[in-house]
Student: 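Would you mind keeping the following structure in view while I ask a few things?
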Amino acid sequence: MNPYLILPLFALFINLWLFTYVLALKGKHKVVHLYLLYSGALSIWIISIVLYWSFLPIHWMTWIFKISSISWLLVGPLFLEFVFAFLSKNPNIVLYLLRGLALAIFPITLTTDWIIAGVERKYWGDMLIQGPLYVYGINLLTVSPPVYAIFLLIFESRKEEIGFRKQCYLLAFGTFLSSVLGFLTTVLPRILSKGDLNYPPLSGSVTVIQSACVFIAIAKYGFLEIRLEKIALQLYAKLREGVILLSASDDLLYWNESAKEMLGFPKIAATPEKLDLGKFLEGFTRRPFSRMDFKRKFSETKQISSEEDILPSSDSVYLEVSKSEIPISGRDLGKVYVLRDITEKKEASERINMLYSRVIRDLDIAREVQNTITTRDFPSSDKFKIFSYFRPYDRVGGDVLNCSESADGSLEILFADVSGHGISSAMVAAMASISFNVFSRKGNKPKEGLLFTNDLLSSVVTQHFISAVFLRYDPNTRILEYSYAGHHAGLLLRNEETLDLQGKGGVLLAVGTPILEDFQIQLKPGDRVLLYSDGLFEVRGSKGIPMGNSTLVEAVKKLSYQDSDSLIRSLVSYSESFGDGIMTDDLTLFCLEITG
């Protein structure tokens, strides 16, 4: 074995050990990544030296020298790039030029003799015979990058903190030492002896000194720090959430200031060796849980100032506690608790629940009022029958169905739909129903009844409008008088035919005075007049397409053979089936059947 191989083999061992150690830490920092690239190129260079000095067949060596030249061509630019990252500086034009030069010289080395002209065997191994550009190439790519890097490390670190500055000086020293040794044993002898060497070149082997200094610098400055416990505790200390770390036997290993404050622990009290959260939290359990809410003990609740307060104000503190097991050492498991103050959330939730209860109570009252003003018990006669269906979208709705009988036996009916739904629509519906009660039983024309409602409500209702039908039916003459106010046409079912109840008119409360007309029709025994609100046909199918009035009319034509009560129920079922049971508005139907 060649004794001179001891030096490059030792350098290779050191460099590979450093490379493997850093790689095993799995650091993701850019500085660590660039060190691994630089160290990898350096290892290839040293392996090449081992091959040079192993006395392989001489006819192999020229190509081995040329192919392996990529390692020493790239080591300088890679180290310079590492220095830029270590100093947190953006690369400049010098680095880009060196990168491009290294990539350009390598194919020249492979295809010409300008860099490596051949091989000469010496007593320590094989030595390349330099071409005319060799000295220029090695000076540009192996000597100049370290010199420039030393300048950057010293100049750029002047204003940095002392710890970082020391690591920069260490890098500069290691770079200077390896560069000087390499220059004195490789470059300078070739210059002085016109390309010949009388002693083994050390340029590749001594570069391991630089690699070791780089390793020390990145380790000292914390790029290789992987002690997760230390990092976690540093993070926990700055979190707004409370963090408590206990052993399996409840020994207090760590808690941050937020945890102490949330638990109400006295600031001047000594930190306990053990921590029992049951002493601080009501209902705290040792049974396994992932997240639970607890009320802090030792809280004084203020007295409620009056019954009108929406929510009593208190000093109670509510904490959300998350619990998880965490390995401490060996097989020992600890417990980590994360505490979050949810007092405001809890109070807001209680306030919302209380307001919701009040709204529900008010809606129930409103529904009772609406039930009293909505006709449910219709006049009975052997000359007509009345059928109806009413279902609000919410607890209360905006549909109006009111019916009264005048002294002469005539029926007056208001069928209306207030825009929107909910409480505000129900209030407008109630006012429209009251208006009808005031106007009805006077024997006036339907148009006058609608105009009376419009004039009465126009000054107080500004956010809603009303579509309506006012009907007046005389059982003695079977004449039906009616007037539309923006409502879709009712249907006349006669002799197995379904006809539109012709007519139109302007919407109430939309303009100052709507244009309305009176219409009349002579009904016959067996005729049925069907009115319905738009909630029956505005339901949407599975693809989001609304049913539409025309589809509903076709359904009425197919179901018209049924009796009136069954017809209404079938239409409601048809609408629900089309819309998958999802309502979009209030739903009201009215059917007047002429029997004699």
Student: For the pair L153 and Q167, evaluate side chain to side chain contact (heavy atoms under 4.5 Å, CB included) and give the outcome as yes or no after the intermediate values.
Tutor: CA-CA 9 Å; L153 289 167; Q167 305 314 315; over 6 Å; no

Student: Evaluate whether atom CZ of F294 has more than 12 neighbouring non-hydrogen atoms of other residues, nucleotides or ligands under 6.0 angstrom away.
Tutor: yes

Student: Tell me if a side-chain donor or acceptor on Y123 pairs with a main-chain N or O of N198 at a distance below 3.5 Å.
Tutor: yes

Student: Between T285 (side chain) and R287 (backbone), is there a donor-acceptor pair under 3.5 Å?
Tutor: yes

Student: Report yes if some heavy atom in the side chain of V22 is under 4.5 Å from a heavy atom in the side chain of L36; otherwise report no.
Tutor: yes

Student: May I ask you to decide if E241's main-chain N or O and N256's side chain share a donor-acceptor pair within less than 3.5 Å?
Tutor: yes

Student: Tell me if the centroids of the rings in Y38 and F79 come within less than 6.0 Å of each other.
Tutor: yes

Student: Show the nearest heavy-atom pair for residues S203 and V206, with the distance to one decimal.
Tutor: O-CG2, 3.7 Å

Student: Main chain of I244, side chain of K335: is a donor-acceptor contact present, judged purely on distance under 3.5 Å?
Tutor: no

Student: Name all residues meeting the salt bridge (Lys or Arg N to Asp or Glu O under 4.0 Å) criterion together with E576; count only those two or more places apart in sequence or in a different chain, and write none if there are none.
Tutor: R391

Student: With no hydrogens and no angle check, do the side chains of E282 and Y318 hold a donor and an acceptor under 3.5 Å apart?
Tutor: no

Student: So do L197 and R190 actually touch side chain to side chain, heavy atoms under 4.5 Å?
Tutor: yes

Student: Distance-only, no hydrogens or angles: does the S419 side chain make a donor-acceptor pair with backbone N or O of F465 under 3.5 Å?
Tutor: yes

Student: Using modelled atom types only, decide if a donor and an acceptor are shared between the side chain of R296 and the backbone of M262 within a distance under 3.5 Å.
Tutor: yes

Student: Can you tell me if Y337 has over 12 outside heavy atoms packed within less than 6.0 Å of its OH?
Tutor: yes

Student: Closer than 4.0 angstrom, basic N to acidic O: yes or no for K122 and D196?
Tutor: yes

Student: Is it the case that over 12 heavy atoms from other parts of the model lie below 6.0 angstrom from the CZ atom of F284?
Tutor: yes

Student: Could you pull out the closest heavy-atom pair between P145 and L140, with the gap in Å?
Tutor: CD-O, 3.1 Å

Student: I would like to know whether L98 and L80 meet side chain to side chain contact (heavy atoms under 4.5 Å, CB included); could you show each step before the answer?
Tutor: CA-CA 9 Å; L98 290 174; L80 183 58; 3.6 Å; yes

Student: A quick test of your reading: do over 12 heavy atoms of other residues, nucleotides or ligands sit less than 6.0 Å from CZ of F13?
Tutor: no

Student: Would Y96 and R99 count as a side chain to side chain contact (heavy atoms under 4.5 Å, CB included) here? Give the steps.
Tutor: CA-CA 5 Å; Y96 294 123; R99 283 179 182 171; 3.4 Å; yes

Student: Spell out, as yes or no, whether a donor-acceptor pair under 3.5 Å connects the side chain of D126 to the backbone of I58.
Tutor: no

Student: Might you confirm whether atom CH2 of W124 has over 12 heavy atoms from other residues, nucleotides or ligands at distances under 6.0 Å?
Tutor: yes

Student: Please work out which of the three classes, parallel, tilted or perpendicular, describes the rings of W72 and Y134, given edges at 30° and 60°.
Tutor: perpendicular

Student: Is the F215 ring parallel, tilted or perpendicular to the Y21 ring (thresholds 30°, 60°)?
Tutor: perpendicular

Student: If you take all heavy atoms of L42 and G204, which pair is closest and at what distance?
Tutor: CD1-O, 4.1 Å

Student: Check the surroundings of atom CD in E120: do more than 12 heavy atoms from other residues, nucleotides or ligands lie under 6.0 Å from it?
Tutor: yes

Student: Quick one: do K346 and D341 satisfy salt bridge (Lys or Arg N to Asp or Glu O under 4.0 Å)? Show the steps, please.
Tutor: CA-CA 9 Å; K346 197 80 172 181; D341 191 334; over 6 Å; no

Student: Taking all non-hydrogen atoms of both residues into account, name the closest pair between R165 and S157 and its distance.
Tutor: CD-O, 3.2 Å

Student: Does the S178 side chain pair with the main chain of T175, one donor and one acceptor, at a distance under 3.5 Å?
Tutor: yes

Student: Do Y35 and F86 have ring centroids that are under 6.0 Å from one another?
Tutor: no

Student: For R158 and E160, run salt bridge (Lys or Arg N to Asp or Glu O under 4.0 Å): C-alpha distance rounded to whole Å, both residues' side-chain angles, the deciding distance at 0.1 Å, then the answer.
Tutor: CA-CA 6 Å; R158 292 178 304 167; E160 300 290 342; over 6 Å; no

Student: Is it true that the side chains of S68 and Y52 contain a donor and an acceptor less than 3.5 Å apart?
Tutor: yes

Student: Between A102 and L74, what is the shortest heavy-atom contact and its length?
Tutor: CB-CD2, 4.0 Å

Student: Would you give the length of the straight line joining atom CG of L339 to atom NZ of K323, rounded to the nearest 0.5 angstrom?
Tutor: 13.0 Å

Student: Under the salt bridge (Lys or Arg N to Asp or Glu O under 4.0 Å) rule, collect the residues that match up with R286, sequence neighbours excluded.
Tutor: D250, D276

Student: Taking all non-hydrogen atoms of both residues, which atom of V143 and which atom of P146 are closest, and how far apart?
Tutor: O-CD, 3.1 Å

Student: Judged by modelled atom types alone, do S39 and N15 share a side-chain donor-acceptor pair under 3.5 Å?
Tutor: yes

Student: For the residue pair W255 and F265, is the inter-centroid distance of their aromatic rings smaller than 6.0 Å?
Tutor: yes

Student: Of the options L5, I46, I44, which is the one that meets L12 in a side chain to side chain contact (heavy atoms under 4.5 Å, CB included)?
Tutor: I46

Student: Counting heavy atoms not belonging to F10, are there more than 12 under 6.0 Å from its CZ?
Tutor: no

Student: Counting distance only, does the side-chain N/O of S69 pair as donor-acceptor with the main-chain N or O of K66 below 3.5 Å?
Tutor: yes

Student: Using a 4.5 Å cut-off on heavy atoms from C-beta on, say whether the side chain of I342 contacts that of D293.
Tutor: yes

Student: Please indicate whether R121 has more than 12 foreign heavy atoms, meaning atoms of other residues, nucleotides or ligands, lying under 6.0 Å from its CZ.
Tutor: yes

Student: Go through it in stages, so that I can follow the logic: the residues are I582 and V539, the test is side chain to side chain contact (heavy atoms under 4.5 Å, CB included), and I'd like the CA-CA distance, side-chain angles, deciding distance and then a yes or no.
Tutor: CA-CA 7 Å; I582 300 175; V539 293; over 6 Å; no

Student: Do any N or O atoms from the side chain of N139 and from the backbone of V135 form a donor-acceptor pair under 3.5 angstrom?
Tutor: yes

